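Side chains are part of it too, since the values below use all heavy atoms of this structure and drop only hydrogens, waters and symmetry mates. Heads up: numbering here begins at 1 and tracks the sequence. Quantities reported herein were computed from a predicted structural model and do not represent experimental measurements.
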Amino acid sequence: MKKKKKVLLMGNPNVGKSTVFNEITGSHQHTGNWTGKTVDIAKGEYYYKFNDYELVDLPGTYSLLSSSEEERLARDYICFEDYDCVVCVVDATGLIRNLNLVLQVLEVTEKIVLLLNLADEAKKKNITIDIHELSSMLGVPVVQATARSGKGINELLEQVHLICNGTVENTVVQTKYSGAIELAASHVEAGLKHSIETDKNSRFFALRILENNDSFNQSFQSQFGENIFEECPLCCKLDNGKRVLEQFEISSDIYTKKVTKALLDRASEINNKAVNSLPSKKEKRERLLDKILLGKYTSIPVMLLLFSVVLWITIAGSNYPSDLLRTAFDSFEVWLAEAMIGIGISKTIVSILVNGILRVLLWVVAVMLPPMAIFFPLFALLEDFGILPRIAFNLDGAFERCGACGKQALTTCMGFGCNAVGVTGCRIIDSPRERLVAIITNSLTPCNGRFPLLIAIISMFFCSNSFVSALILLALIACSMMMTFASSKVLTSTVLKGVNSSFVLELPPYRKPKILKLLGDTIREKVVFVLFRAVIVAAPAGLIIWILANISVGDTSLLCYIAQLLDPIGHFVGLDGVMLLAFILGFPANEIVIPIALMAYLSTGEMGDYSSLDSLKTILVDNGWTWVTALCTCIFSMFHFPCSTTLLTIWKETKSIKWTLMSVLTPLSVGVIICALIHLVF
């Protein structure tokens with residue numbers, strides 16, 4: 001019985017690999033337009049010219065040099081498994097973005113066919129590709145296709161058939177690196193030829209071993225033996241290669257950057273010679289948008305402007321529904337209290353359940369739900385449209401200089417909506433060390449729950465003009481970003497030392513968001529998720545707050561008594577004991593800090609609302625507030641311990657008391673130091 005020929009499908013995400021797979025095998029694998037869709041290996045069979053073939057669809061990957069789970073799986077399969085041919089599927093509308101992976105695959109094996117998919121889309125965009133020039137520069141056959149209509153598939157099958165049966169042998173053109181890297185690789189390659197047996201290109205293995213990537217080295221040892229690097233002659237040759245790199249002062253980080261740059265330069269050279277593009281109207285618009293969003297002088301101002309608009313819509317749009325919910329909940333509380341008293345329940349029990357537990361719980365819902373329901377969809381809209389990846393691109397360099405991962409830019413942006421969501425979003429960071437940095441510093445980003453307090457204090461003590469108030473708020477946000485960078489640098493220089501990981505961030509095309517799907521997914525996965533965790537801790541917190549406000553020591557409630565005890569510490573950081581206690585009791589949600597402070601200032605036994613900013617300012621000033629107190633309150637609101645929802649999320653993500661405590665101490669230390677300095681100076 002003839003052995004089946006095995007063919008691999010490789011390519012970047014969103015290039016139509018699954019469509020090619022379905023067209024050839026006749027199966028019905030799900031296809032979609034999002035990164036990381038294929039998270040496992042799909043297999044199918046087909047028959048061509050009296051031969052049986054097995055087609056293997058590998059996970060979409062941008063590079064063989066990166067280390068996400070999907071990329072490791074694809075890399076290990078092409079490096080260590082047996083196969084007869086590799087079909088590299090690329091997007092004909094963005095060849096240069098895809099060539100990085102193609103050039104790496106060419107280093108592994110010469111049994112390759114390049115498939116230019118989405119040829120119809122390229123034609124619509126006035127993109128023409130000289131396939132003969134492209135084939136000559138790569139040294140492999142090139143096929144143009146439109147997989148969803150089946151065009152070009154027969155030609156692809158023929159080229160695969162010729163390679164699998166040895167009728168055609170490719171003459172691959174390899175990427176050349178710097179003299180030092182090539183010399184070092186030649187030493188290691190010589191050792192490999194005497195130490196392992198493989199039908200893959202040993203030069204690729206030599207290059208990866210010199211890269212000193214733990215993930216690849218572990219896979220290599222699993223394939224060829226745990227002690228392979230200790231055996232001669234590989235051990236001696238590897239030492240020779242490392243000495244060459246040391247002589248030229250090429251560290252692991254510099255090595256990776258040099259290899260990556262050489263691949264990108266080669267991809268650019270091929271693209272310039274083989275691709276001719278006349279921009280369509282859509283492309284012209286996209287290029288104009290990129291010039292604005294990624295421009296040296298425009299990117300940061302536009303980013304701040306976009307963020308200001310999102311904040312303004314969130315704040316302005318959430319005020320009315322928040323008021324409606326509070327009014328409805330107040331009426332519900334009155335009705336429920338009267339109903340409970342009417343059936344004989346004591347007033348004390350009613351006060352505990354309604355004015356204590358229920359009031360805090362409903363307050364959290366009323367204040368958190370509207371801004372989350374507005375902010376998260378707006379944030380998802382920026383992500384779906386393609387703006388958020390560009391914001392991450394702009395911030396990538398800053399985070400890299402701090403020793404953190406560029407993906408932290410995304411999780412930091414998520415934190416502006418809710419720190420709990422930002423912490424959960426840190427899962428996109430592959431390096432455990434860098435993931436911890438992002439988790440610990442996320443609470444330095446002011447979430448939407450802190451904005452009502454910040455806006456109220458700015459309007460009362462600094463400027464009532466909405467435009468100037470917005471500028472002051474932006475200055476505070478810029479301060480939070482600076483503290484995020486500084487804290488990340490401190491962490492990566494001390495308790496979380498390590499080598500930066502690299503990642504490939506492909507800027508996706510701008511696309512029209514699917515509004516209904518976006519709303520449904522956002523409300524289900526973010527709004528409900530965060531609100532549920534907030535409600536879990538709000539109820540017991542309401543009970544504690546009621547007890548403190550209604551049980552007295554002499555003529556003073558426990559709330560006021562504890563506030564008096566905390567007064568010296570509060571004054572040290574520019575606050576007072578009442579505000580410090582309000583922040584502590586506001587642990588369930590930042591939104592209830594001011595209501596708790598009012599309970600203490602007015603000596604009331606239950607949490608209530610204030611009628612206007614003027615009346616609130618009068619209460620605060622009468623209790624000793626100055627502009628310094630207001631400024632320190634703003635700073636401490638931005639930099640203090642995470643709320644209960646975020647802290648619970650941190651624990652669930654890290655499963656570590658140590659890192660959970662570090663997530664508390666980092667923002668708290670920043671807040672205490674800055675506030676103490678302000679109080680000392682002024």
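Proximity of a side-chain donor or acceptor of Ser351 to a complementary backbone N or O of Thr348 within less than 3.5 Å is not detected. A donor-acceptor pair under 3.5 Å is absent between the side-chain atoms of His640 and the main chain of Phe583, judged by distance alone. Panel note: side chain Asn419, backbone Pro446; no donor-acceptor pair is recorded below 3.5 Å. Ser487 places a side-chain N or O within 3.5 Å of a backbone atom of Met483 that can act as its donor or acceptor partner. Under a 3.5 Å cut-off, the side chain of Thr660 and the backbone N or O of Ser656 do form a donor-acceptor pair. With Thr424 contributing its side chain and Ala420 its backbone, the two residues share a donor-acceptor pair below 3.5 Å. With hydrogens and angles disregarded, a donor-acceptor distance shorter than 3.5 Å links the side chain of Thr492 to the backbone of Cys402. Proximity of a side-chain donor or acceptor of Arg433 to a complementary backbone N or O of Ala404 within less than 3.5 Å is not detected.
The aromatic rings of Phe485 and Phe399 stand perpendicular to each other, their planes meeting at an angle above 60°, with 30° marking the opposite boundary.
Taking CG of Leu558 as the reference point, atom CG of Leu565 lies at 10.0 Å (rounded to 0.5 Å). Taken to the nearest 0.5 Å, the CH2 atom of Trp651 stands 10.0 Å off from the CG atom of Leu661. Within the model, atoms CG of Leu293 and OG1 of Thr298 stand 7.5 Å from one another, a figure rounded to the nearest 0.5 Å. The CZ atom of Phe332 sits 6.0 Å away from atom CH2 of Trp335, with the distance rounded to the nearest 0.5 Å. Atom CG of residue Asn623 and atom OG1 of residue Thr629 lie 11.0 Å apart, to the nearest 0.5 angstrom. The line from CD1 of Ile673 to CG of Leu668 is 9.5 Å long, rounded to the nearest 0.5 Å.
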Output, in order, the C-alpha distance, side-chain angles, deciding distance and verdict of salt bridge (charged side-chain N to carboxylate O under 4.0 Å, His left out) for Arg427 and Glu653. CA-CA 8 Å; Arg427 295 173 186 172; Glu653 292 297 314; 2.7 Å; yes

**OP:** Kindly determine whether Ser557 and Ile551 satisfy side chain to side chain contact (heavy atoms under 4.5 Å, CB included), including the steps that lead there.
**Re:** CA-CA 6 Å; Ser557 69; Ile551 296 179; over 6 Å; no

Subject >> Stepwise side chain to side chain contact (heavy atoms under 4.5 Å, CB included) test for Cys634 and Phe461 >> reply: CA-CA 11 Å; Cys634 288; Phe461 285 90; over 6 Å; no

Starting from the C-alpha separation in whole Å, work towards a yes-or-no answer on side chain to side chain contact (heavy atoms under 4.5 Å, CB included) for Phe572 and Cys675.
-> CA-CA 8 Å; Phe572 175 73; Cys675 288; over 6 Å; no

Please determine whether side chain to side chain contact (heavy atoms under 4.5 Å, CB included) holds for the pair Phe639 and Ile635, giving the CA-CA distance in whole Å, both sets of side-chain angles, and the decisive distance to 0.1 Å.
CA-CA 6 Å; Phe639 308 129; Ile635 296 297; 3.9 Å; yes

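Residue-environment remark: CZ (Phe329) exceeds the threshold of 12 foreign heavy atoms within 6.0 Å. Within a 6.0 Å radius of CE in Met481, more than 12 heavy atoms belonging to other residues, nucleotides or ligands are found.
For the pair Thr411 and Ala438, the tightest heavy-atom approach, listed with the atom from each and the gap, is OG1-CB, 4.0 Å.
For Ser331, the side chain to side chain contact (heavy atoms under 4.5 Å, CB included) test picks out no residue, with sequence neighbours left out.
Under the 3.5 Å distance criterion, with hydrogens and angles disregarded, a donor-acceptor pair is assigned to the side chains of Thr441 and Gln408.
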